[in-house]
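Data block below; observations after.
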Number of protein chains: 2
Amino acid sequence: MTLAYDVFDDRCPTRMVLDRLADKWALLVLDRLQGGPVRFNQLRRDIRGLSQKVLSQTLKRLERDGLIERSVRPTVPVSVDYALTPLGRTLTETVAAFAHWAERNMAAVLSAQAAYDAALTG
Amino acid sequence: MTLAYDVFDDRCPTRMVLDRLADKWALLVLDRLQGGPVRFNQLRRDIRGLSQKVLSQTLKRLERDGLIERSVRPTVPVSVDYALTPLGRTLTETVAAFAHWAERNMAAVLSAQAAYDAALTG
DNA sequence: CAGCATCCGCTCGGATACTG
DNA sequence: CAGTATCCGAGCGGATGCTG
């Protein structure tokens, strides 16, 4: 039988997963990997504002959760690239929709914020 | 003309929006509101582990961003319920897919974690 | 190039107490 | 019921320096 996983229950393991995914950096990494494998420093450059330490942590967690895969090519110096796993690929459509929702609806959000702030001031 | 919003640029305002949405509590609140208006303490009870302070902050931010709407009914004592706005409703499908991905893929994640940890130990 | 190690400020968020 | 106010500890994450 199937266990009744429930993300609204704080003792459910799905909460941990949600916690990992509901992270700005993890989302951007997953979205960036959608087009194919990307190397460490390339990710670091592409995702502006992401420090090397946090990128490292994020990649390690995503790899542990089975969403991405790390592969080392024995060049000199060594090349490491990260790619989505099949499991990770089941998430990318959702991630893309999510990450780019802001780009499509930025104007609406900005005007909502302006209206909200104006109501407080006036 | 349209500005080129880019969520990968840390100076782009979309980053702030992503930061707000990429939040465990915000996601759970939005998901919970999908079925219709819900009152404050009902949300607090439904979303286990969510403190009253953080719920309050989360609701205020979501309201400011125009995703949810607060309405007060003059009962005694007063009733306040929160509902999705049309803008918020454009997100709910994505939010639901996202929030419940963990429930559907929990087994795969758990086994990936076990494999990862075993590789380190062994 | 692809990281790890360390330090540390700052914010998130939990606990608690109080209000209309 | 639906919040606000305050305190405070834990940890996120940025900066810096070093390694194979």
Side-chain angles (χ1 to χ4, degrees), chain A residues 8-11 15-29 32-33 36-65 68-83 116 119-120, chain B residues 8-11 15-29 32-33 36-65 68-83 116 119-120:
Chain A
F8 287 104
D9 182 355
D10 57 340
R11 296 172 310 177
R15 260 301 169 79
M16 287 186 278
V17 177
L18 181 63
D19 222 355
R20 296 275 151 80
L21 294 179
D23 173 66
K24 181 178 49 180
W25 302 127
L27 287 178
L28 288 173
V29 166
R32 186 64 189 74
L33 292 181
V38 183
R39 295 172 60 178
F40 187 88
N41 278 312
Q42 188 63 44
L43 282 171
R44 181 159 155 51
R45 275 189 299 272
D46 290 348
I47 305 175
R48 311 297 301 191
L50 172 55
S51 74
Q52 171 274 330
K53 174 190 170 185
V54 173
L55 173 58
S56 191
Q57 289 175 347
T58 303
L59 289 170
K60 211 169 285 182
R61 280 193 286 241
L62 290 175
E63 188 192 357
R64 179 170 185 265
D65 290 345
I68 67 174
E69 193 174 26
R70 191 183 107 113
S71 54
V72 181
R73 278 177 296 144
T75 56
V76 178
V78 68
S79 303
V80 179
D81 41 36
Y82 293 89
Y116 184 92
L120 290 185
Chain B
F8 288 104
D9 182 356
D10 57 339
R11 296 172 312 177
R15 258 303 169 79
M16 287 187 279
V17 176
L18 181 62
D19 220 356
R20 296 276 152 79
L21 294 179
D23 173 66
K24 182 178 52 180
W25 301 128
L27 287 178
L28 289 172
V29 166
R32 188 63 189 75
L33 291 181
V38 182
R39 296 173 59 178
F40 186 89
N41 278 312
Q42 187 64 44
L43 282 171
R44 181 157 156 52
R45 275 189 298 272
D46 290 347
I47 306 175
R48 311 297 301 192
L50 171 55
S51 74
Q52 167 272 336
K53 174 190 169 184
V54 173
L55 174 58
S56 190
Q57 290 175 347
T58 302
L59 290 170
K60 213 170 282 183
R61 281 193 284 242
L62 290 175
E63 188 193 358
R64 179 169 185 266
D65 291 344
I68 66 174
E69 193 174 27
R70 189 184 107 113
S71 55
V72 182
R73 277 178 295 143
T75 56
V76 180
V78 68
S79 302
V80 179
D81 41 35
Y82 292 88
Y116 184 93
L120 291 185

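Everything quoted here is computed from the prediction, not taken from an experiment. Throughout, protein chains are lettered first and strands after them, A, B, ... in sequence-line order, and every chain is numbered starting at 1.
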**Item:** Partner of Gln42(B) by side-chain hydrogen bond (donor to acceptor under 3.5 Å, both in side chains), out of Arg44(B), Arg45(B), Arg39(B)
**Value:** Arg45(B)
**Item:** Under 3.5 Å side-chain donor-acceptor pair for Ser71(A) and Asp81(A)
**Value:** yes
Phosphate OP1/OP2 of [N]: any [X] side-chain N/O under 4.0 Å:
{"X": "Ser56(B)", "N": "dA2(D)", "result": "no"}
{"X": "Arg39(A)", "N": "dC1(C)", "result": "no"}
{"X": "Arg70(A)", "N": "dG3(C)", "result": "yes"}
{"X": "Lys60(A)", "N": "dG3(C)", "result": "no"}

Just how far, in rounded Å, is [atom2] of [N] from [atom1] of [X]?
{"X": "Leu55(A)", "N": "dC12(D)", "atom1": "CG", "atom2": "C1'", "value": "15 Å"}
{"X": "Tyr82(A)", "N": "dA2(C)", "atom1": "OH", "atom2": "P", "value": "9 Å"}
{"X": "Asp46(B)", "N": "dA2(D)", "atom1": "CG", "atom2": "P", "value": "12 Å"}
{"X": "Arg45(A)", "N": "dC1(C)", "atom1": "CZ", "atom2": "C1'", "value": "10 Å"}
{"X": "Leu59(A)", "N": "dG3(C)", "atom1": "CG", "atom2": "P", "value": "7 Å"}

**Complete:** Rounded to 10°, the helix from dC1(C)-dG20(D) to dG20(C)-dC1(D) deviates from straight, judged by its five-pair end axes, by 50°
**Asked** So Ile68(A) and Leu59(A), side-chain contact (heavy atoms from CB on, under 4.5 Å) or not? Walk me through it.
**Response** CA-CA 8 Å; Ile68(A) 67 174; Leu59(A) 289 170; 3.6 Å; yes
**Complete:** Counting primed atoms, P, OP1 and OP2 as sugar-phosphate and everything else as base, the B/S/- map of nucleotides 11-20 of chain C against protein heavy atoms under 4.0 Å is --BBB-----
Identify the heavy atoms of [X] and [Y] that sit nearest to each other, and give their distance.
{"X": "Arg70(B)", "Y": "Val80(B)", "value": "CG-CG1, 3.6 Å"}
{"X": "Leu27(A)", "Y": "Ala22(B)", "value": "CD1-CB, 3.7 Å"}
{"X": "Thr75(B)", "Y": "Pro77(B)", "value": "OG1-O, 2.6 Å"}

**Request:** State the CZ-CD1 distance between Arg15(B) and Ile47(A), to the nearest 0.5 angstrom.
**Result:** 7.5 Å
**Request:** Could you tell me whether Arg73(B) contacts a base, only the sugar-phosphate backbone, or nothing, with contacts defined as non-hydrogen atoms closer than 4.0 Å?
**Result:** nothing
**Request:** Under 4.0 Å between any heavy atoms, over every strand shown, what does Arg44(B) touch: base, sugar-phosphate, or nothing? Just pick one.
**Result:** nothing
**Asked** Thinking salt bridges, do Arg48(A) and Asp9(B) make one under a 4.0 Å N-O criterion?
**Response** no
